[in-house]
Amino acid sequence: MRMTLADALMNLNPAQREAVTAPPGHILVLAGAGSGKTRVLVHRIAYLSEIERVDPWRILAVTFTNKAASEMRSRAESLLGGDGRSLWAGTFHGICHRMLRQHASHAGLPLNFQVLDQDDQLRVIKRVMKDLGLSDEELSARDVAFFINASKDEGKRPETLDVEGQPRRRALIDLYAAYERQTRSSGVIDFAEILLRAQEMLLTQPQILAHYQRRFAHLLVDEFQDTNTVQYAFVRVLAGEQAQVFAVGDDDQSIYGWRGAKVENVQSFTRDFPNVRTVRLEQNYRSTGNILAAANAVIARNTDRLGKNLWTDDKAGAAIEIFAGYNEVDEARFVVERIKSSIEADRRPSESAVLYRSNALSRLIEENLIARQIPYRVYGGLRFFERAEIKDALAYLRLLGNPNDDAAFERVVNTPPRGIGERTLETLRKHARSHGLPLSQAASAQSLAAELAGRARNALAAFLALIETLRADSKGQDLSAVALLAITQSGLREFYASSADAKSESRMENLDQLVSAAESYICPEEDSSAGMSDLDSFLAHAALEAGDGEAEAWEDCVQLMTMHSARGLEFPCVYIIGLEDGLFPSARSIDEPGRLAEERRLMYVGITRARQELVLTHAESRRIHGQEHFSPPSRFLSEIPTELVREIRPRLRVSKAFAAPHRMTLEEPASRFKLGQRLAHPSFGVGVLVSAMGAGERTQLLINFEKSGPKLLMANVAKLEEVA
DNA sequence: CGCCGCAGGCTTTTT
DNA sequence: GCCTGCGGCG
């Protein structure tokens with residue numbers, strides 16, 4: 001039975017209802033964690049459609065991830081029925097990409113332009129740096145990529161950037177310009193370019209802007225705190241004077257500042273748009289009282305918040321557990337043991353999530369889960385369309401659609417190996433550059449032949465012939481047949497089939513999966529109407545939606561992920577590991593108040609993922625990159641009021657937090673010293689006694705020296721003195 | 001040209 | 001500790 005909208009509205013709380021049924025005008029919804037944000041967005045769409053009688057076709061709903069977009073779409077469809085289908089819901093990139101396809105020539109793009117992903121972009125940048133002789137140690141390709149992307153996110157072109165008298169900056173701007181020339185001539189655009197180009201198109205093509213402004217009466221933007229400068233400008237220009245903007249976000253969950261997101265946009269919104277009505281969603285439906293109180297206490301340390309106080313009707317619930325491990329092994333063992341007993345006590349594996357600051361921390365947890373045969377899933381890592389073999393196959397397909405795509409050409413010209421080496425390629429590149437030609441055109445030029453040795457010439461000709469044959473054979477074939485041709489005729493499949501490498505089997509499987517993916521791919525109506533072939537559409541899909549991570553989502557398994565990727569999710573039991581200063585907050589953020597505040601918001605995100613149980617762990621010593629580190633517990637731990645906390649293994653009170661020991665024979669402290677005590681050594685200086693091993697004469701002391709780091713010393717040999 | 005071995009590097013991530 | 005990328009050698 002389909003619920004009527006009236007019923008649905010009755011089920012909302014007053015704040016939610018206020019947002020959903022707000023009269024015409026701009027709305028800012030400040031939605032706290034677990035306050036029913038998506039629900040409000042979806043109901044707003046239904047309300048506009050059914051009560052305000054707005055045709056769903058005139059509503060644009062924008063999100064950041066494909067997952068969020070498809071969830072919004074399907075929930076809207078279930079509320080609206082068939083009408084929901086005409087709603088335009090997508091990511092910023094998806095929407096801008098669609099506009100560019102629709103008006104490619106007005107955007108200065110070839111009809112068959114392709115999208116470069118991060119990996120492709122980095123390759124192009126390396127190429128450009130080499131060409132300019134700028135592949136210095138001073139400037140890494142990653143730095144350059146960061147600079148270019150950050151500039152584009154800010155809406156800046158090379159000519160609008162100021163050198164500011166800095167040589168390094170001069171070099172970066174020059175590289176940006178050279179990179180632009182290269183991508184333009186190849187007919188490819190990177191992710192940041194999709195947004196910037198669309199934005200520029202709206203600004204320079206009044207008739208196109210007018211077209212979209214006439215169409216869209218309502219813009220709904222999710223995760224508004226994540227918008228960067230260009231995205232904000234895009235919303236502004238598209239809204240114009242006529243459309244109403246419904247912006248939903250949470251400044252306390254802004255965790256993407258490092259990639260250009262501007263929390264300030266949330267404040268700017270109330271300034272730049274007239275008469276914005278602000279609604280706060282402060283009732284949390286997710287977490288117990290204790291968990292929420294902890295989250296509130298932590299985030300309260302941040303200044304410059306828009307201010308919100310989350311509350312809940314729920315009971316206080318269990319205390320928050322804090323576990324102090326001796327080292328990371330100890331920590332992992334504890335976490336997995338606790339998960340195991342919760343499973344034995346009837347929790348399903350999928351009800352537990354282990355969250356961490358950086359991916360490297362998942363390994364030990366994984367090992368322990370495997371050892372105890374508990375199923376798990378790690379989010380993140382390489383996604384389907386990002387795998388090397390898949391990208392190789394896609395590069396062949398890209399060359400079919402656009403022979404000028406140099407990035408694709410470079411990728412597969414010698415993959416699998418066919419005797420076209422660096423020397424040959426260098427000659428080819430030089431030729432291409434001096435004649436202003438794309439690589440594939442230069443490769444077929446008569447004038448090049450003279451410069452190449454016979455063998456190289458033949459190999460190159462064979463490659464060109466291969467692409468030509470492929471193109472001819474795929475005429476009139478359907479997508480999956482073309483994909484199959486590409487991986488067989490190119491020799492890619494054979495290459496992996498005959499490879500002894502352990503990974504080659506899974507590579508073959510992936511290639512086969514690519515064919516199945518092509519088989520089941522349905523070209524969206526709007527793509528074909530924009531004049532895209534099935535192949536172009538498929539390639540765009542591969543670039544814009546790189547596919548899911550490893551395991552199947554439906555499997556009942558423990559969830560492992562970073563706190564960044566956990567935002568928006570919730571779990572009955574949450575474990576946050578690696579809570580040490582230097583790890584979380586990260587050492588790179590600790591000294592900068594702005595960045596520290598973002599780390600704290602990340603902690604807030606982590607805490608608020610938990611519904612019933614929250615377990616926080618840290619280790620006194622941890623191997624990071626093969627090096628032993630002794631870090632104090634995260635400052636965020638001490639920001640949680642002690643009355644909410646139960647320490648699982650109470651730590652000794654010691655002068656310096658990071659000296660806290662345990663697990664050794666505490667009754668009989670090592671010789672004359674006490675753990676946690678400050679000691680002086682003639683050559684190493686002052687340090688803290690962290691741990692002791694062995695007994696009697698062979699007692700060894702682990703002392704963490706302030707200047708020279710941890711050292712293991714014999715207790716009865718080392719000349720140690722107590723320090724007051 | 002291609003393979004192998006070693007050195008260096010390394011938050012977070014979507015599109 | 002693990003992966004990538006580069007350089008040297010066969």
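Here the structure is a predicted model, which is why all the values come from computation and not from measurement. Letters go in sequence order (proteins before strands), and every chain restarts at 1.
Of the charged side-chain nitrogens involved, none lies within less than 4.0 Å of a carboxylate oxygen, so that A:Arg398 and A:Asp406 do not count as a salt-bridged pair. A salt bridge does not link A:Glu570 with A:Arg609: every distance from a Lys NZ or Arg NE/NH1/NH2 to an Asp or Glu carboxylate oxygen is 4.0 Å or more. Ion pairing between A:Arg305 and A:Asp251 fails under the 4.0 Å rule for side-chain N and carboxylate O.
Of the two residues contacting DNA chain B, namely A:Phe64 and A:Leu425, the nearest-nucleotide position lying further toward the 5' end is that of A:Leu425. Checking A:Asn414 against A:Phe191, the closest nucleotide of DNA chain B that is more toward the 5' end is the one next to A:Asn414.
Between A:Leu195 atom CG and A:His93 atom NE2 the span is 3.5 Å, to the nearest 0.5 Å.
In this structure, of B:dC10, B:dT12, B:dT14, it is B:dC10 that holds the atom nearest to the side chain of A:Arg142. Nearest nucleotide to the side chain of A:Glu386, out of B:dT12, B:dT15, C:dG5: B:dT15. Of the listed nucleotides (B:dC1, C:dG1, B:dT15), B:dC1 has the atom at the smallest distance from the side chain of A:Arg423.
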Atom pairs under 3.5 Å, N or O on each side, protein against nucleotides 8-10 of chain C: can you list them with distances?
none

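To the nearest angstrom, P of B:dT13 lies 12 Å from CG of A:Leu355. Between the P atom of B:dT13 and the CZ atom of A:Phe385 lies a distance of 21 Å, rounded to the nearest Å. The interatomic distance linking A:Glu422 (CD) with C:dC6 (P) rounds to 10 Å, in whole Å.
The aromatic ring of A:Trp258 sits over the base of B:dT12, with ring centres less than 5.5 Å apart and planes inclined by under 30°.
Aromatic ring centres of A:Tyr212 and A:His103: separated by under 6.0 Å.
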